[in-house]
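Step one of this worksheet: look at the structure below.
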Amino acid sequence: MSIKLHFDVSGDDFTRAGEASGKIKNTLKELGFNPETVRNVAIAMYEAEINLVIHAGGGEIDVEISPEAVTAVFKDEGPGIADVEKAMQEGFSTAPDNVRNLGFGAGMGLPNIKRYSDEMDIKSTVGVGTVMTIKVLNKQ
Amino acid sequence: MIIKDVAKILDAEVLCGEESLDREVKSACGSDMMSDVLAYVKNQAVLLTGLVNPQVIRTAEMMDMECIVFVRGKRPDAAMINLAEDRNMAILCTKIDMFTACGKLYESGLRKQEREA
């Protein structure tokens with residue numbers, strides 16, 4: 001059995017970035033998931049949600065929760081990532097200064113997502129958009 | 001120590017979370033870079049920061065932190081306080097700067113907890 005949830009993420013309201021991740025965190029807590037799994041999902045999703053807002057002008061998130069794992073797919077029609085390998089390097093960032101002033105944009109987002117997820121896949125086309133899938137296994 | 005002790009040591013004003021002042025806290029971290037908080041800390045109860053925006057509250061939420069201390073006289077707005085109240089977090093404000101605030105708490109026994117491998 002699995003639960004599927006969908007979220008639309010607005011690209012013009014930085015203050016609301018994190019709402020979807022917070023909701024998923026609460027849902028997983030209510031479902032009785034292991035606290036470490038809950039936190040890993042919350043952090044990985046939160047960084048990805050922030051990315052949707054600061055880089056892609058918003059997008060959508062589809063989350064599937066099963067007893068074994070949580071899978072989240074982030075879709076956007078943003079500028080795309082020219083060099084995914086480079087973007088994965090800690091410290092590499094294309095974020096503008098105003099994002100840095102908000103406490104993000106230090107080239108930590110994608111590495112953080114990788115750190116907290118068990119599987120991560122990025123498919124991106126410049127000028128078309130990006131689809132990122134992250135999977136966190138439920139630690140028993 | 002409990003959150004009430006943190007407030008006392010830092011001569012801080014409690015903006016919300018009065019009901020959680022007796023909660024015990026063992027570890028803390030200080031940072032203005034939220035991605036660093038998300039990357040390197042685990043099981044920290046207290047976040048000290050000079051950054052003021054709603055993502056500070058959200059970051060603390062994702063990390064299961066219970067108390068946020070705004071240093072060097074920074075003050076969150078009403079929207080941020082509401083966000084923290086909804087998440088049962090305590091918000092403290094101190095005029096003390098980051099370095100000194102961290103030093104005072106360290107001296108009183110709070111430590112950084114390393115991320116597990």
Side-chain angles (χ1 to χ4, degrees), chain A residues 9-10 13-26 28-29 33-55 72 90-93 95 97-117 136 139, chain B residues 23 26-66 68-72 74-89 91 98 113-117:
Chain A
V9 178
S10 157
D13 192 355
F14 180 77
T15 63
R16 291 183 59 191
E19 265 184 15
S21 310
K23 279 181 189 158
I24 290 292
K25 186 169 195 248
N26 286 338
L28 294 176
K29 252 192 213 169
F33 273 72
N34 172 311
E36 198 183 330
T37 305
V38 175
R39 198 186 309 178
N40 289 349
V41 171
I43 298 169
M45 273 197 68
Y46 178 50
E47 285 279 17
E49 195 177 344
I50 292 275
N51 276 349
L52 282 185
V53 177
I54 64 181
H55 290 295
E90 211 155 285
F92 177 82
S93 177
D97 283 346
N98 65 332
V99 169
R100 284 167 223 259
N101 293 340
L102 296 165
F104 293 90
M108 303 282 296
L110 294 179
N112 271 354
I113 295 168
K114 193 174 172 64
R115 190 174 280 131
Y116 289 100
S117 62
V136 177
K139 291 170 189 67
Chain B
R23 253 192 249 165
K26 288 181 179 159
S27 56
C29 82
S31 181
D32 287 354
M33 172 53 70
M34 293 303 109
S35 281
D36 270 349
V37 177
L38 292 164
Y40 297 121
V41 297
K42 201 169 189 185
N43 297 327
Q44 310 280 1
V46 182
L47 171 63
L48 294 101
T49 187
L51 183 72
V52 185
N53 72 54
Q55 298 311 329
V56 174
I57 315 286
R58 302 242 189 233
T59 298
E61 174 190 7
M62 303 309 162
M63 301 303 287
D64 297 314
M65 289 168 144
E66 293 168 347
I68 301 173
V69 181
F70 289 98
V71 297
R72 46 178 203 267
K74 300 290 172 81
R75 289 186 83 86
D77 61 15
M80 286 177 66
I81 294 173
N82 286 340
L83 212 55
E85 274 176 339
D86 288 346
R87 286 154 185 77
N88 295 317
M89 285 174 201
I91 291 195
M98 174 77 100
Q113 188 170 326
E114 295 293 341
R115 195 171 168 262
E116 289 155 29

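Residue numbers start from 1 in every chain, and the chains themselves are labelled A, B, ... in the order their sequence lines are given, proteins ahead of strands.
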Next item on the list: For side chain to side chain contact (heavy atoms under 4.5 Å, CB included), just list the numbers for A:M108 and B:V37, CA-CA rounded to whole Å, side-chain angles, deciding distance to a tenth of an Å, and then say yes or no.
Entry: CA-CA 10 Å; A:M108 303 282 296; B:V37 177; over 6 Å; no
Next item on the list: With a 4.5 angstrom heavy-atom cut-off, could you sort out which part of A:E90 is near chain B: side chain, backbone, both or neither?
Entry: side chain
Margin query: Going by the rule side chain to side chain donor-acceptor pair (under 3.5 Å), which residues pair with A:E47 if we only count those two or more places apart in sequence or in a different chain?
Written below: A:N112, B:S35
Next item on the list: Could you tell me the separation between the CZ atom of A:R39 and the CE atom of B:M62, rounded to the nearest 0.5 Å?
Entry: 12.5 Å
Notebook entry, point to check: Between atom CG of B:L38 and atom CZ of A:F104, what is the distance when rounded to the nearest 0.5 Å?
Noted result: 5.5 Å
Check: In chain order, what residues pass the side-chain contact (heavy atoms from CB on, under 4.5 Å) check against A:S93, with sequence neighbours excluded?
Finding: A:A95, A:R100
When the side chains of residues 45-60 of chain B are checked against the rest of the protein, which donor-acceptor pairs come out under 3.5 Å, sequence neighbours left out?
residue	atom	partner	partner atom	Å
B:T49	OG1	B:S31	O	2.8
B:T49	OG1	B:D32	OD1	3.2
B:T49	OG1	B:L51	N	3.0
B:N53	OD1	B:Q55	N	2.8
B:N53	ND2	A:L102	O	3.1
B:Q55	OE1	A:Y46	OH	2.7
B:Q55	NE2	A:F14	O	2.5
B:Q55	NE2	A:A17	O	3.0
B:R58	NE	A:A17	O	3.2
B:R58	NH2	A:T15	O	3.4
B:T59	OG1	A:Y46	OH	3.3
B:T59	OG1	B:Q55	O	2.7

Next item on the list: Heavy atoms only: give me the nearest B:M33-A:A106 pair and the separation to one decimal.
Entry: CE-CB, 3.6 Å
Next item on the list: List the atom of B:E61, the atom of A:K25, and the distance in Å for their closest heavy-atom pair.
Entry: O-NZ, 2.8 Å
Notebook entry, point to check: Does a sphere of radius 6.0 Å around NZ in B:K26 hold more than 12 heavy atoms from other residues, nucleotides or ligands, not counting ones at 6.0 Å or beyond?
Noted result: no
Margin query: Using only non-hydrogen atoms and a strict under-4.5 angstrom cutoff, which residues of residues 76-88 of chain B touch chain A?
Written below: none
